[in-house]
Amino acid sequence: MTIRLFNTLSGKIEDLAASDGQSFRMYACGPTVYDYGHIGNFRTFLQVDVLRRFLKLQGLTPRHVMNITDVDDKIIRNAAAAGVDIGQYTPRFEKAFFEDLDALNVEKPEIVARATEHIPSMVGLIEKLAEQDCAYKTEDGSWYFRIAKFPGYGKLSKKDFTGITDGARVDVDEYDKDSARDFALWKAAKPGEYRWETALGAGRPGWHIECSAMATEYLGSGIDLHAGGEDLMFPHHENEIAQSESASHQCFARHWFHVRFLLVEGKKMSKSEGNFYTLRDLLLKGYKASAIRLLLISVPYRQQLNFTFEGLAAETGAIDRLRNFQQRVRSASAAATENSSLADETAKCEKNFIEGLANDLNSAEARAAVFDLVRAGNAAIDAGTLGAENVAQILGVLQQFDHVFGVLEDHDAEWTKFALEWAEREGRLNEASPEVLAQRGFSDEQIQKLVDERTQAKKTRNFARADAIRKELAEKGVLIEDSKDGVRWKRK
RNA sequence: GCACCGGUGGCGAAGUGGCUAACGCGCUGGUCUGCAAAACCAGUAUUCGCGGGUUCAAUUCCCGCCCGGUGCUCCA
């Protein structure tokens with residue numbers, strides 16, 4: 001199946017392929033590690049995850065590079081405020097970032113590259129640009145990219161800069177740039193500021209240069225795909241193209257993948273609106289990591305997604321249904337004969353699932369196909385017309401679904417516990433919801449004891465006592481389910 | 001202000017110039033149960049922001065308006 005994906009550069013939907021016929025070389029802009037990641041950040045990382053997982057499902061081998069921006073103005077400012085070196089400031093946020101990706105079941109890229117560990121590579125690139133007069137040094141010792149030397153500037157974001165008047169909006173710090181649009185490659189250190197001593201002078205890299213240097217170092221020129229949030233299109237990605245292509249005289253990236261921003265409760269997410277959420281905020285409120293993942297990936301990446309708590313609750317229900325179905329199919333007693341219409345239904349699901357994703361990563365279409373199978377499969381189980389071959393086929397399709405969607409395995413309670421432990425260490429337990437908090441210190445053993453007592457009470461038909469225990473457990477966030485195979489319980 | 005994207009049932013959301021407008025959640029009814037819960041089944045938009053136009057036919061194409069979002073500046 002040919003994978004078709006929208007390319008920001010061409011403005012068209014194009015076929016995706018590994019240009020070297022072996023590995024699919026992709027670069028995705030990673031986080032600036034100065035704070036905890038919010039759900040907007042994670043929508044982008046999650047959509048890139050869906051893409052790379054689907055590529056793998058389709059037999060491609062991704063070679064995926066992600067940068068960690070561990071030096072920038074915000075980091076320098078925050079570290080200085082905390083009275084520590086940037087090297088002491090960033091690791092905890094980098095660690096938190098990867099923990100969050102783990103919680104969201106995001107696969108780790110093949111290569112993770114920190115900006116601070118690639119300074120020589122960036123310096124080399126700037127020197128190469130300087131040799132071609134594409135970079136120049138200003139009086140304060142900073143280096144800038146000369147946009148006038150790159151005719152293709154604006155081709156990604158579709159901007160026409162020909163009419164821009166130089167000097168129209170010049171920043172005070174940038175008074176000696178040749179053109180207002182020229183951007184910093186290397187920022188000279190002001191007294192007392194964090195710095196690297198290099199051939200370019202003492203300073204630190206500009207924001208855009210790290211991605212050009214590291215993408216090229218690990219992947220070479222003409223990479224298959226470059227990804228990021230829609231906001232990065234301009235100026236970040238535009239500048240990456242200008243730098244990289246001026247230095248190499250080759251295409252930097254063939255395909256550009258941009259993920260749309262999300263809304264929260266119908267509004268732009270911002271701290272002042274009070275609708276700004278980190279992953280940890282949501283876990284502490286008792287939402288499941290898997291539901292957060294599913295919600296963030298279920299709306300196609302080019303579509304604005306409205307993140308709501310009602311939607312999050314809905315996805316929790318959807319996940320339960322999918323997991324229950326898988327469990328039901330696994331333990332179903334197979335009928336003697338195969339159900340051919342169900343076999344057709346299963347094949348159709350697989351086809352629609354793959355086609356949906358191949359169609360510009362339409363995850364909504366893909367998951368709808370799976371729910372069609374859930375309905376058909378459940379009906380067959382109810383009717384007792386599920387053959388052994390049917391079981392194998394359905395489980396196979398669910399496995400494919402989960403290769404990409406990654407929500408069927410249940411690690412939710414572990415991540416909630418993880419968030420609680422983190423909050424406790426950070427002195428932020430007050431941010432946890434009462435229900436989540438009630439689970440703290442309520443051990444599995446204690447729960448089991450109450451569950452057993454209730455079972456005994458039921459045996460003696462002491463329903464009043466049994467119901468009282470059920471109520472008590474419910475108040476502490478534990479749900480009881482009676483079934484033929486005994487009593488099950490789970491933390492909500 | 002200029003440019004771009006979107007507005008589909010209670011909520012999220014797919015899709016299409018003409019077949020019963022996907023799918024999930026919710027809700028209602030049913031099966032099951034000591035009662036629940038869970039699970040399963042069934043039902044649930046004469047209609048796709050508003051006003052025009054093109055067309056035999058528009059939710060789908062065009063124009064205008066209203067609303068939301070994004071970019072033009074740091075931002076996933």
Side-chain angles (χ1 to χ4, degrees), chain A residues 11 28-32 34-35 37-48 69 72-74 154 157-161 164 169 171 181 207 227-236 238 258-263 265-270 291 294-296 298-325 327-328 352 356 359 362-375 377-383 457-459 461-464 466-467 470-471 473-474 479-484 487-490 492:
Chain A
C29 287
T32 301
Y34 69 101
D35 205 348
H38 60 251
I39 53 176
N41 297 124
F42 291 120
R43 154 120 125 143
T44 300
F45 295 116
L46 246 2
Q47 290 289 352
V48 171
T69 301
D72 90 321
D73 292 350
K74 281 189 291 270
S157 51
K158 315 281 182 277
K159 291 181 191 303
D160 181 4
F161 293 104
I164 303 288
R169 31 196 311 180
D171 197 75
R181 286 276 170 192
W207 174 33
E230 64 169 330
D231 57 306
L232 297 182
M233 212 159 89
F234 185 86
H236 185 53
E238 198 72 68
H258 290 106
V259 180
R260 198 89 191 264
F261 269 27
L262 54 70
L263 302 181
E265 302 290 349
K267 288 187 180 146
K268 181 183 178 172
M269 180 171 68
S270 73
L294 187 60
L295 178 57
L296 289 175
S298 288
V299 176
Y301 74 99
R302 282 207 289 151
Q303 205 64 35
Q304 198 166 55
L305 151 72
N306 187 11
F307 187 98
T308 65
F309 288 101
E310 200 182 335
L312 204 44
E315 295 301 47
T316 308
I319 283 176
D320 282 345
R321 180 141 177 243
L322 290 167
R323 288 177 180 166
N324 282 327
F325 177 63
Q327 198 43 51
R328 256 190 123 198
N352 290 345
N359 174 23
N362 191 331
S363 48
E365 206 177 306
R367 67 174 255 173
V370 174
F371 279 103
D372 285 338
L373 179 62
V374 170
R375 199 176 328 99
N378 271 322
I381 294 171
D382 284 353
K458 277 181 66 181
K459 270 187 190 152
R461 301 192 68 81
N462 182 356
F463 295 125
D467 291 349
R470 184 167 68 196
K471 196 174 167 215
L473 287 167
L479 288 180
I480 292 267
E481 290 170 19
D482 295 334
S483 78
K484 286 190 196 104
V487 186
R488 277 198 307 261
W489 60 266
K490 63 179 179 185
K492 217 167 115 191

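Here is the naming used below: chain letters follow the sequence lines, and residue numbers restart at 1 for every chain.
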B/U44 pairs with, by Watson-Crick or G-U criteria that keep both distances under 3.5 Å | B/G26
When we call it a touch if two heavy atoms are under 4.0 Å apart, what does A/Gln303 touch: a base, just sugar-phosphate, or nothing?
-> sugar-phosphate
Watson-Crick or G-U wobble partner of B/G6, both distances under 3.5 Å | B/C67
Determine the interatomic distance between P on B/A45 and the same-named atom on B/A22; round to the nearest Å.
-> 10 Å
So what does A/Val299 touch, heavy atoms closer than 4.0 Å: a base, only the sugar-phosphate, or nothing?
-> sugar-phosphate
B/G71 C1' sits how many Å from A/Glu230 CD, rounded?
-> 8 Å
Interatomic distance at C1', B/A38 relative to B/U33, whole Å = 11 Å
Value in whole Å for how far the C1' atom of B/A14 lies from OH of A/Tyr301 | 16 Å
Atom CD of A/Glu315 to atom P of B/C11: distance rounded to whole Å?
-> 16 Å
Is A/Phe234 stacked on the base of B/G71, meaning ring centres closer than 5.5 Å and planes within 30 degrees of each other?
-> no
At under 4.0 Å between heavy atoms, what does A/Ala318 touch on the DNA or RNA strands: base, sugar-phosphate, or nothing?
-> sugar-phosphate
Side chain of A/Asn306: nearest nucleotide among B/U73, B/C75, B/A13?
-> B/A13
Distance, C1' atom - from B/G68 to B/G30, rounded to whole angstrom = 41 Å
Sorted by position of nearest nucleotide on RNA chain B, 5' first, the leading residue of A/Asp467 and A/Leu232 is A/Asp467
Out of B/G68, B/C11, B/G24, minimum distance to the side chain of A/Gln304 belongs to B/G68
Out of curiosity, A/Glu315 CD to A/Arg367 CZ, how far, rounded to the nearest 0.5 Å?
-> 4.0 Å
Return the value, rounded to whole Å, for the distance between atom CZ of A/Phe309 and atom P of B/C25.
-> 20 Å
With distance as the sole criterion, do the side chain of A/Asp482 and the base of B/A36 form a donor-acceptor contact below 3.5 Å?
-> yes
When you check the gap from the basic side-chain N to the acidic O, do A/Lys458 and A/Asp482 get nearer than 4.0 Å?
-> yes
Counting side-chain heavy atoms from CB outward, which of B/G69, B/A14, B/C11 is closest to A/Glu310?
-> B/C11
Under 4.0 Å between any heavy atoms, over every strand shown, what does A/Ile381 touch: base, sugar-phosphate, or nothing? Just pick one.
-> nothing
Base, sugar-phosphate, or nothing: which does A/Gly311 touch, judged by heavy atoms less than 4.0 Å apart?
-> nothing
Describe the nucleic acid contact of A/Asn362 in one word from base, sugar-phosphate, nothing, applying a heavy-atom distance below 4.0 Å.
-> sugar-phosphate
Atom pair distance, as rounded to whole Å: CG in A/Asn359 and C1' in B/A22 | 14 Å
So does A/Arg181 get a side-chain nitrogen or oxygen closer than 4.0 Å to the phosphate oxygens (OP1/OP2) of B/U73?
-> yes
A/Ala28 to A/Val48 - nearest heavy-atom pair and separation | CB-CG1, 4.1 Å
Okay, side chain of A/Asn324, backbone of A/Asp320: is any donor-acceptor separation there less than 3.5 Å?
-> yes
Between B/U46 and B/G52 - C1' atom distance, rounded Å | 23 Å
A/His38 near the nucleic acid: base, sugar-phosphate alone, or nothing, with a heavy-atom cut-off under 4.0 Å?
-> base
Using a 4.0 Å heavy-atom cut-off across all strands, classify A/Phe371 as base, sugar-phosphate, or nothing.
-> sugar-phosphate
Where the side chain of A/Ala368 is concerned, which of B/C25, B/G34, B/A22 is the nearest nucleotide?
-> B/A22
Whole-Å P distance, B/G24 and B/A14 | 15 Å
Round to the nearest Å and state the distance from A/His258 atom NE2 to B/C5 atom P.
-> 16 Å
Is A/Arg375 side chain donor-acceptor paired with the B/C23 base, going by distance under 3.5 Å alone?
-> no
Using the P atoms only, state how far B/A37 lies from B/U47, rounded to an integer number of Å.
-> 35 Å
Atom pair CZ (A/Arg260) and CD (A/Gln304), whose distance is rounded to the nearest 0.5 Å = 5.0 Å
B/G24 phosphate, OP1 or OP2, under 4.0 Å from A/Arg321 side-chain N/O = yes
Where the side chain of A/Lys268 is concerned, which of B/A37, B/G69, B/A14 is the nearest nucleotide?
-> B/G69
Paired nucleotide for B/A57 [Watson-Crick or G-U wobble; both distances under 3.5 Å] = none
Side chains of A/Ser157 and A/Glu238, donor plus acceptor under 3.5 Å = yes
Whether over 12 other heavy atoms sit under 6.0 Å from A/Lys267 NZ | no
Between B/A37 and A/Trp489, is there an OP1 or OP2 to side-chain N/O distance shorter than 4.0 Å?
-> no
Per nearest nucleotide of RNA chain B, the residue lying toward the 5' end, A/Ala466 or A/Arg302, is A/Arg302
Under-4.0 Å salt bridge between A/Lys490 and A/Glu481 | yes
Starting at CG of A/Leu322 and ending at P of B/C23, how long is that distance when rounded to a whole Å?
-> 14 Å
Interatomic distance at C1', B/U54 relative to B/G64, whole Å = 15 Å
A/Asn359 side chain to A/Asn362 main-chain N or O, any donor-acceptor pair under 3.5 Å?
-> no
Report which part of the nucleic acid A/Pro31 touches: base, sugar-phosphate, or nothing (heavy-atom distance under 4.0 Å, all strands).
-> nothing
Would you mind classifying the nucleic acid contact of A/Lys74 as base, sugar-phosphate or nothing, using non-hydrogen atoms under 4.0 angstrom?
-> sugar-phosphate
Spacing of A/Leu295 atom CG and A/Phe307 atom CZ [to the nearest 0.5 Å] | 5.0 Å
Under 5.5 Å between ring centres and under 30° between planes: does that hold for A/Phe45 against the base of B/A76?
-> no
Using a heavy-atom cut-off of under 4.0 Å over every strand shown, decide if A/Arg367 touches base, sugar-phosphate, or nothing.
-> sugar-phosphate
Return yes if the base of B/A36 and the side-chain atoms of A/Arg470 contain a donor-acceptor N/O pair under 3.5 Å, otherwise no.
-> yes
Could you work out which one of B/A76, B/C23, B/A38 sits closest to the side chain of A/Asp231?
-> B/A76
Who pairs with B/U31 - Watson-Crick or G-U, where each distance is under 3.5 Å | B/A39
Can you tell me, in whole Å, how much space there is between the P of B/U28 and that of B/G10?
-> 16 Å
From CZ of A/Arg328 across to P of B/C32 the rounded distance in Å is 15 Å
